[in-house]
Amino acid sequence: MLKRTKIVKLLAEDKELPEVLVKGWVRTKRDAKDFSFIEVNDGSCLKNIQIIANSNLPNYSDVKKITTGSSVAVSGALVASQGGSQKFEIVAGKFEIYSLAPDDFPLQKKKHTDEFLRSIAHLRPRTNKYGAAFRIRSQLSYAVHKFFQERGFKYVHTPIITGSDCEGAGEMFQVTTLDLNNLPRTKDGKVDYSKDFFGKEAHLTVSGQLNGEMYATALGDIYTFGPTFRAENSNTPRHAAEFWMIEPEMAFADINDDMDLAEDMVRFCVRDVMENCADDLELFEKYVDPTLKTTLATIMDSDFARITYTEAIEIMQKSGKKFEYKPEYGVDLQTEHERFLAEEYFKKPVIVRDYPKEIKAFYMKLNPDGKTVAAMDVLVPRIGELIGGSQREDDYQKLVKRIEENGMKEEDYDWYLDSRRYGSVPHAGFGLGFERMMMLVTGIANIRDVIPFPRTPNSVNF
RNA sequence: UCCGACUUAGCUCAGUGGUAGAGCAAUCGGCUGUUAACCGAUUGGUCGCUGGUUCGAGCCCAGCAGUCGGAGCCA
């Protein structure tokens with residue numbers, strides 16, 4: 001029996017074939033007097049295969065009823081196309097219709113806005129653009145694993161549900177099985193979480209880092225790659241409530257090793273996608289961001305700029321540029337500052353390090369100057385912060401002091417502090433927002449369009 | 001959450017106080033191997049919701065909702 005061949009493989013053939021079988025979804029149909037051109041896409045690649053359906057097909061009257069969105073199986077000869085736009089086409093010998101899409105199929109043979117397609121996010125992967133985006137997303141995920149696995153990093157599955165109610169990275173979603181309309185109360189009127197599923201408050205993770213550090217101080221080099229949740233009311237094209245984060249952690253490593261790893265990783269992933277998704281990337285260069293190839297070439301061919309936070313402030317002060325937020329030592333870099341550095345000043349990715357300790361997280365290693373911490377952010381054109389990382393404070397006493405300074409409770413971090421009690425070593429890591437890397441690689445401007453089913457404030461559809 | 005813009009046919013939009021429009025899609029028909037094919041015809045509307053001003057509101061005013069953009073928070 002004839003087996004199905006994917007379209008990506010057929011189009012890579014170097015000669016005609018007497019009989020092939022393709023299955024897929026109809027993108028468009030053009031009728032002539034005695035035959036029809038039907039373009040079928042099976043998602044294996046951007047391109048469609050053109051089917052020639054002649055009127056001598058026994059079910060030609062049914063074939064003429066085919067609509068955009070219908071599912072079909074076609075067998076016939078793969079022949080060189082007479083038309084100019086494609087190498088091969090299939091002359092149908094047998095044309096099976098799985099299912100006709102009714103005339104209310106919402107995807108038309110024309111360009112749709114991203115906003116409309118978001119409202120039908122369950123169908124948008126059937127468009128050229130979103131099909132391409134999600135093939136790239138798959139390749140980019142694979143590249144992340146390849147990069148780390150080739151370097152001996154172990155993949156660690158950190159928990160999605162966490163009992164630490166303060167991982168120090170923003171608002172959390174609460175997880176509960178309590179009846180919200182009839183909450184159990186303690187004597188002083190507070191919610192009695194001892195009656196909840198876990199016997200205490202639980203949340204969705206905002207970061208796997210603390211867990212990751214424990215595994216790095218056992219397996220050496222590790223990485224996490226999984227979903228992350230932030231309950232922040234952020235309404236921007238760069239934030240989602242559910243997103244995927246990559247968090248490597250290296251034992252016996254300092255801030256320089258961390259920066260090297262971040263730079264190597266971004267470069268590796270960009271190169272991998274360019275090598276494996278050339279057709280899909282071309283669509284984005286052509287229709288989404290005409291500067292995409294230049295941007296990606298810059299990332300691959302030139303070293304990232306590396307400066308300290310203090311130098312970044314000085315550069316901006318001397319630039320003469322008017323900023324809405326005046327650059328001053330002690331204030332965190334604003335979006336306009338990040339974009340100035342990456343887009344205008346360096347015109348390439350830039351790593352800013354050694355931030356004042358006041359504006360960074362408690363676990364970052366205090367530098368010898370006593371004022372700054374060994375933190376590093378990778379800023380890229382158009383997106384701003386792609387990566388945030390640091391060398392971790394490995395001194396037990398200093399870490400406890402930083403926990404106190406930040407108004408946090410030492411007992412909540414008791415398990416985490418064991419990494420500093422027992423065989424503490426210098427170590428470093430970072431967090432990379434996977435969707436932001438997708439935006440970088442595709443040129444897509446909105447995070448809602450690089451994740452299959454986006455979750456944002458006021459929106460959990462599909 | 002703050003600031004701003006927008007919301008009219010399935011989609012993209014026009015319509016500045018007096019009888020709701022176009023292109024595309026869909027449907028039907030035509031057509032020489034087409035490429036988002038082409039040509040002709042037909043169908044399609046509670047103008048986001050609620051209230052107000054007016055003889056009369058898609059249009060003016062208020063509130064609400066949603067979407068988008070910018071900012072903050074961050075990945």
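Proteins come first, then strands; the chains are lettered A, B, ... in the order of their sequence lines, and each starts at number 1.
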Value in whole Å for how far the C1' atom of B/rG33 lies from CZ of A/F88: 18 Å

Whole-Å distance separating the CG atom of A/N48 from the C1' atom of B/rA36: 11 Å

It should be established whether [X] places a side-chain nitrogen or oxygen under 4.0 Å from OP1 or OP2 of nucleotide [N].
X      : N      : value
A/T335 : B/rG72 : yes
A/Q334 : B/rA71 : no
A/T113 : B/rU12 : yes
A/N233 : B/rC73 : no
A/R30  : B/rU34 : no
A/R118 : B/rC68 : yes

Close aromatic pair by centroid cut-off 6.0 Å: A/Y155 and A/F148: no

Choosing from [options], which nucleotide comes nearest the side chain of [X]?
X      : options                : result
A/F37  : B/rC68, B/rG66, B/rG33 : B/rG33
A/A32  : B/rA36, B/rG69, B/rG33 : B/rG33
A/R436 : B/rU34, B/rG33, B/rC74 : B/rC74
A/E115 : B/rC68, B/rG72, B/rC74 : B/rC68
A/E89  : B/rU35, B/rU34, B/rA75 : B/rU34
A/S85  : B/rA71, B/rA37, B/rU35 : B/rU35

Sugar-phosphate only, base, or nothing, as touched by A/S81 at under 4.0 Å among non-hydrogen atoms: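 Since a base atom lies under 4.0 Å of A/S81, the category is base.
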
Touch class at under 4.0 angstrom, heavy-atom based, for A/N235 against every strand present: base

Using atom names, set out every protein N or O paired with an N or O of nucleotides 21-30 of chain B below 3.5 Å, distance rounded to 0.1 Å.
residue	atom	partner	partner atom	Å
B/rA25	O4'	A/Q108	OE1	3.4

Face-to-face stacking of A/F243 with B/rA75, centres under 5.5 angstrom, angle under 30°: yes

Any-strand Watson-Crick or G-U partner of B/rC60, both distances under 3.5 Å: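 When the pairing criteria are applied, B/rG52 turns out to be the nucleotide that pairs with B/rC60.
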
With A/D279, the salt bridge (Lys or Arg N to Asp or Glu O under 4.0 Å) member among A/K286, A/R135, A/K47: A/K47

A/T5: side-chain hydrogen bond (donor to acceptor under 3.5 Å, both in side chains) partners, not counting sequence neighbours: none

